[in-house]
Trainee: 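Have a look at the structure that comes next, please.
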There are 2 protein chains.
Amino acid sequence: MGPRILIVEDEEPLTLLLRYNLEAEGYEVDSVSRGDEAEIRLREQLPDIVLLDWMLPGLSGIELCRRIRVRPETERLPVIMLTARGEEGDRIRGLSTGADDYIVKPFSVPELLARVRALLRRTKPGHVATLLRAGDMELDRETHRVRRAGTELHLGPTEFRLLEFLMQSPGRVFSREHLLNAVWGHDVYIDERTVDVHVGRLRKAINLPQLPDPIRTVRGAGYSFDETFARAEATASAGR
Amino acid sequence: MGPRILIVEDEEPLTLLLRYNLEAEGYEVDSVSRGDEAEIRLREQLPDIVLLDWMLPGLSGIELCRRIRVRPETERLPVIMLTARGEEGDRIRGLSTGADDYIVKPFSVPELLARVRALLRRTKPGHVATLLRAGDMELDRETHRVRRAGTELHLGPTEFRLLEFLMQSPGRVFSREHLLNAVWGHDVYIDERTVDVHVGRLRKAINLPQLPDPIRTVRGAGYSFDETFARAEATASAGR
DNA sequence: TTTGGGGTGTCATTTAATTGTCATCCAACT
DNA sequence: AGTTGGATGACAATTAAATGACACCCCAAA
């Protein structure tokens, strides 16, 4: 199974939102609502990463983080701190308690996912693929670069995430709604047709002359990254 | 048997409509009309998914959903909320009570079925077949592709859903009325003869030369996906 | 602070595919 | 042969997607 994540957070709805999204990305999620519970849970089983609320009943997030750093077994356990705006005081202060990263609430879901991925990549290379390849396309999450048949392409941030998301599951068709959730974030109130426009822009950006369009429109359903294309050898130049 | 679904809904006709359609898809359906009854039923037997009306006598859907999330046994039970337009307030609000998805009434039956399938796929992979195969035909719900003896076919959205529905129960004969409900959705005021036309189009799309017609017309009754065909080996090319 | 860029979301417009209905033809059943 | 129900081709209306234009907004450079 995917990497394991422990959420330590006392706001029930937020926990659910996180769980929902993380599980959708293939993580195994466990959650507790109190700091002291978390400490116990951490003795039972070590997750690959911890999402830790700053303010917690039982044992504050800051204190818990310190304790995590003290125990040898958890010394290097990746921790992302969740803080409400205003609580942080300073970025430095957050990191100085020993967290590896921290996010200010309210945050967008895609952003959180990106941070989790980034942190896992840093700490457990191999657990997370940094390079997505499909056909003659390459997308590097780390360097944020996209290449088609060798040539470097320029994509805006949204197009990048859109392509990244589609390439993650080649062949699978996603509805506009699904794409909005996954690429833009849950709470946005954006017109579904906007997805069309971005797909259009993405296409314009990645379709060099002579090359086939890797993005498939499925009328009445949504869009997908063409899996036939994905499976095809990148024979464009090196006619192997 | 198929996955079990518990419907918690006080509008009798809606319950029947749901039951009828879900059973046609191979689910085992159980239903109660009050929130408190539902709680009891959930102690007896856990379904694989719950359809929960927002407004309920006895115990509101929202409250019931909260309670479901609190009990460890049902903590991760997939819940789809049914709300009347206007009641929802906000998508977030719906999801923040802990529902995994929510649908605004009035909804189309095919849409509901799609959501149920999607949720089951997320939570109980393996329980739901994403690929329907019958004879030399393949229909992939995930990629929205249809193949006959290896060749990719092009179907319009309606033909796709029609084929999908028929392939779900090979051999079973469906009346035009039933097909209209299942494929187009209830409330539609469409002429029954229109089904003929679509079956015709579907046939044209899937019947490559030399190959037999998998769709059987039952005079006076309706149409069905031929079960003899379905059981036949896909011997088309590899004459095994 | 002002001034350019990107980069975004929305709209109106254009283009294309899909749909529902009809009239007509055909086959099966009596 | 007559009747009934199904198949089919044509057609117009509808709906969905692609496209181009535009107004913002945010940020960085001047």
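Note on naming: letters A, B, ... go to the chains in the order of the sequence lines (proteins, then strands), and numbering restarts at 1 for each one.
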Trainee: Whole angstroms only, please: what is the NE2-P distance between B:His198 and D:dG9?
Mentor: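 Answer to the nearest Å: 15 Å.
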
Trainee: Is A:Arg176 salt-bridged to A:Asp191, cutoff N-O under 4.0 Å?
Mentor: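 Salt bridge absent between A:Arg176 and A:Asp191.
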
Trainee: Please determine whether side-chain contact (heavy atoms from CB on, under 4.5 Å) holds for the pair A:Asp10 and A:Thr15, giving the CA-CA distance in whole Å, both sets of side-chain angles, and the decisive distance to 0.1 Å.
Mentor: CA-CA 8 Å; A:Asp10 62 322; A:Thr15 306; over 6 Å; no

Trainee: May I ask you to decide if the ring planes of B:His198 and B:Trp184 are parallel, tilted or perpendicular, using 30° and 60° as cut-offs?
Mentor: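 Taking B:Trp184 first and then B:His198, their aromatic rings stand perpendicular (interplane angle over 60°).
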
Trainee: Can you check whether A:Thr217 reaches A:Val199 side chain to side chain, under 4.5 Å on heavy atoms?
Mentor: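 A:Thr217 does not reach A:Val199 side chain to side chain.
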
Trainee: With respect to the phosphate group of C:dG20, does any side-chain polar atom (N or O) of B:Trp184 fall under 4.0 Å of OP1 or OP2?
Mentor: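 Yes, B:Trp184 has a side-chain N/O under 4.0 Å of OP1/OP2 on C:dG20.
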
Trainee: If you take all heavy atoms of B:Gly171 and B:Arg216, which pair is closest and at what distance?
Mentor: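 Scanning both residues, the minimum pair turns out to be O-NH2, 3.8 Å.
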
Trainee: Would you mind reading off the distance between B:Glu192 atom CD and C:dG20 atom P, rounded to a whole angstrom?
Mentor: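 Roughly 14 Å, once rounded to whole Å.
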
Trainee: What's the CG-P distance between A:Asp191 and C:dT10, to the nearest Å?
Mentor: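 Distance, rounded to whole Å: 6 Å.
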
Trainee: So, under a plain 3.5 Å distance rule, would you say the side chain of B:Arg201 forms a donor-acceptor pair with the base of D:dG9?
Mentor: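 When only heavy-atom distances are counted, B:Arg201 does not reach the base of D:dG9 through any donor-acceptor pair under 3.5 Å.
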
Trainee: Please produce a list of atom pairs where a protein N or O lies less than 3.5 Å from an N or O of nucleotides 15-19 of chain D.
Mentor:
unit_1, atom_1, unit_2, atom_2, d
D:dA16, O4', A:Arg219, NH1, 3.4
D:dA16, N3, A:Arg219, NH2, 3.3
D:dA17, OP1, A:Arg176, NH2, 2.5
D:dA17, OP1, A:Gly220, N, 3.1
D:dA17, OP2, A:Arg176, NH2, 2.9
D:dA17, OP2, A:Arg193, NH1, 3.2
D:dA17, OP2, A:Arg193, NH2, 2.7
D:dA17, O5', A:Arg176, NH2, 3.4
D:dA18, OP1, A:Arg203, NH1, 3.0
D:dA18, OP1, A:Thr217, OG1, 2.6
D:dA18, OP2, A:Tyr223, OH, 2.6

Trainee: In the structure I gave you, are the side-chain heavy atoms of A:Glu9 and A:Leu51 within less than 4.5 Å of one another anywhere?
Mentor: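 No - every pair of side-chain heavy atoms lies 4.5 Å or more apart.
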
Trainee: Whole Å only: how far is the CG atom of B:Leu202 from the C1' atom of D:dT8?
Mentor: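 Rounded to the whole Å, the gap is 15 Å.
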
Trainee: What I'd like to find out is whether the side chain of B:Ile49 reaches to under 4.5 Å of the side chain of B:Leu120, using heavy atoms alone.
Mentor: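 Sidechains of B:Leu120 and B:Ile49: in contact.
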
Trainee: Under 3.5 Å between N/O atoms: give me all the protein pairs with nucleotides 4-7 of chain C, atom names plus distance.
Mentor:
unit_1, atom_1, unit_2, atom_2, d
C:dG7, OP1, A:His154, NE2, 3.1
C:dG7, OP2, A:His154, NE2, 3.3

Trainee: Pick from B:Lys204, B:Arg203, B:Arg148: which one makes a salt bridge (Lys or Arg N to Asp or Glu O under 4.0 Å) with B:Asp213?
Mentor: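 The passing option is B:Arg203.
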
